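Here is the structure we will look at, set down as structure tokens.
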Amino acid sequence: MAMDRRVFLVLLLAGCADTSPQGPLTAVTPPPPAPQPRTPSAPPPVPATPVPAGELAFDTWLADFRIRALAAGLSAELLDRELAGVTPDPKVISLDSRQPEFSKPVGDYIKGVISDDRVAVGRRKREELAYLPTIEARYGVPRDILLAVWAMESAFGQLQGNFDVVRSMVSLAADGRRRAWAEGELIAALKIIDSGEVTRAQLKGSWAGAMGQTQFIPSSYRATAVDFDGDGRRDIWGSDADSLASAANLLAKGGWKPGVGWAKEVILPAGFDYSVTEGPREIPAWWEAKGVRRADGLPWTAADAASPAMLILPAGAAGPAFLALPNHFAIRTYNNSTSYALGIGLLADRFGGGDPPVTPWPVETPLSMSDRMAAQIALARVGFNPGPADGVIGAGTRKALRAWQQSQQLPADGYLSNDMVARLKAQAGITP
Ligand code: CA
């Protein structure tokens with residue numbers, strides 16, 4: 001499970017997007033298409049041995065990158081050694097351009113995340129790993145959240161990826177679609193090697209450069225990884241303790257609030273105004289005044305009662321509702337996706353002995369890419385701008401959908417179901 005799903009600055013880490021409901025780039029708008037290689041205005045002299053255009057473009061990029069890497073403080077010796085003979089990895093480019101045809105319904109995603117096997121392993125590790133309470137005390141992040149991150153990112157360290165991170169970043173940078181990001185990560189990877197902390201041979205990760213048990217990209221490793229077991233190395237590949245502490249450090253830096261929850265399932269009253277979904281962040285008492293109550297019937301802790309919470313309906317009005325507490329957003333520094341944060345939180349709850357949500361996940365048919373894009377085109381056509389018609393149902397599309405639903409006197413949950421797609425297409429005059 002080592003695919004890309006986060007990019008740029010908000011998303012600090014990489015991991016396993018094959019479990020993500022919307023495909024490999026769930027949380028982000030996919031970057032624009034790769035620019036075409038420039039063609040010279042006059043044909044160049046024909047060389048004795050013709051060099052393919054792709055190789056020329058790669059060599060040009062590599063020469064340019066070398067100048068930028070020297071300016072970033074890397075030595076000529078290191079660059080000569082580590083980049084000698086490097087070529088782009090066609091497998092990386094192919095995986096990077098993959099567009100999933102169908103988006104997995106969130107209920108199916110959550111069911112995939114919370115398997116009985118995974119819950120059993122997590123509960124066993126919870127008892128076995130004697131250092132967990134120390135990590136929890138040092139960083140303020142509960143052990144169950146750390147175990148859930150570990151489970152999701154690398155199947156408790158079992159699936160780390162075996163790609164040469166330097167070559168992966170060379171491939172992504174040369175390809176151009178995410179050049180600035182990939183060059184930054186390539187420089188970070190080379191600086192890790194330069195530091196002597198990790199060798200090139202040890203610097204392994206997913207095809208997108210997410211490394212080790214925590215699936216940290218190189219810049220996150222440099223800024224965030226910690227040596228918890230005290231052997232002098234920050235070893236997120238071989239040391240469980242270093243990995244769990246590094247994940248805790250990342251979440252702490254991402255704003256984790258000790259003693260506060262991540263979310264609570266709630267039941268909404270009849271006739272509820274769904275348009276406040278993904279809207280205001282208010283304390284639980286504010287929500288209770290609107291008739292929202294906890295699904296488990298338990299009282300709020302003092303810390304949660306004082307925390308602003310946002311209503312989320314991951315599967316729309318037909319599925320479970322949650323009040324997302326501040327730590328929901330801290331989890332999203334790992335991967336900026338509501339579904340991912342929900343998966344982590346619900347898995348952590350199960351590790352701690354909690355129950356699944358009271359309201360079942362609805363059974364749904366996956367939406368195709370063409371349906372998702374048609375819905376976006378239809379929204380724009382009927383006057384509710386969802387942003388680019390890219391098939392990614394992000395916050396902008398959901399907001400436009402809620403506004404359109406309100407205009408139609410439909411429950412404004414912002415959830416794109418098959419029924420909503422059909423209604424939108426009919427209204428916009430898009431034939432099936
Ligand atoms: Ca260590």
Side-chain angles (χ1 to χ4, degrees), residues 1-2 6 11-16 74 78 82 121-122 124-166 168-169 184-206 208-256 258 330-331 333-335 344 348 351:
M1 30 211 285
R6 94 295 67 182
L11 307 165
L12 300 177
L13 304 166
C16 37
L74 291 162
L78 179 95
E82 300 301 335
V121 173
R124 198 178 72 234
K125 301 269 186 201
R126 192 179 198 271
E127 303 309 316
E128 282 175 1
L129 303 179
Y131 48 77
L132 279 174
T134 316
I135 295 178
E136 187 175 293
R138 186 173 301 174
Y139 297 98
V141 183
R143 65 199 76 179
D144 293 324
I145 292 287
L146 301 175
L147 289 168
V149 166
W150 196 28
M152 292 269 275
E153 294 299 330
S154 63
F156 304 100
Q158 299 305 299
L159 297 172
Q160 300 186 21
N162 199 32
F163 283 81
D164 169 14
V165 169
V166 168
S168 280
M169 289 312 181
E185 293 305 322
L186 176 55
I187 286 170
L190 293 167
K191 285 188 173 174
I192 294 169
I193 295 167
D194 197 30
S195 74
E197 193 171 7
V198 183
T199 66
R200 170 76 175 268
Q202 290 167 329
L203 208 66
K204 292 286 165 71
S206 75
M211 312 186 300
Q213 305 196 25
T214 53
Q215 295 285 282
F216 278 11
I217 51 175
S219 60
S220 291
Y221 175 85
R222 294 189 74 219
T224 313
V226 293
D227 170 27
F228 186 80
D229 62 17
D231 69 350
R233 283 188 65 225
R234 301 182 295 168
D235 184 3
I236 58 170
W237 296 267
S239 164
D240 295 359
D242 284 6
S243 301
L244 286 158
S246 296
N249 191 32
L250 183 108
L251 290 169
K253 287 184 169 195
W256 189 273
I331 297 171
T333 59
Y334 224 109
N335 179 342
I344 293 286
F351 288 165

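Each residue takes its place number in the sequence, starting with 1. When a ligand or atom number is given, it counts from 1 through the structure's own listing order. Keep in mind the model is a prediction, meaning the values are calculated, not measured.
The Ca ion (ligand 1) lies closest to atom OD1 when only the N/O/S atoms of D227 are considered. The N, O or S atom of D231 with the smallest distance to the Ca ion (ligand 1) is OD1. Closest N/O/S atom of D242 to the Ca ion (ligand 1): OD2. No other N/O/S atom of D229 lies as close to the Ca ion (ligand 1) as OD1 does.
From L190, atom CG reaches atom CG of L203 across 9.0 Å, with rounding to the nearest 0.5 Å.
With sequence neighbours left out, E128 forms a side chain to side chain donor-acceptor pair (under 3.5 Å) with R124. Residues meeting the side chain to side chain donor-acceptor pair (under 3.5 Å) test with D235, sequence neighbours left out: none.
Within the coordination shell of the Ca ion (ligand 1), defined by N, O or S atoms under 3.0 Å, G230 is absent.
Judged by distance alone, the side chain of R143 and the main-chain N or O of R126 form no donor-acceptor pair under 3.5 Å.
Aromatic ring orientation, F156 versus F351: tilted (interplanar angle from 30° to 60°).
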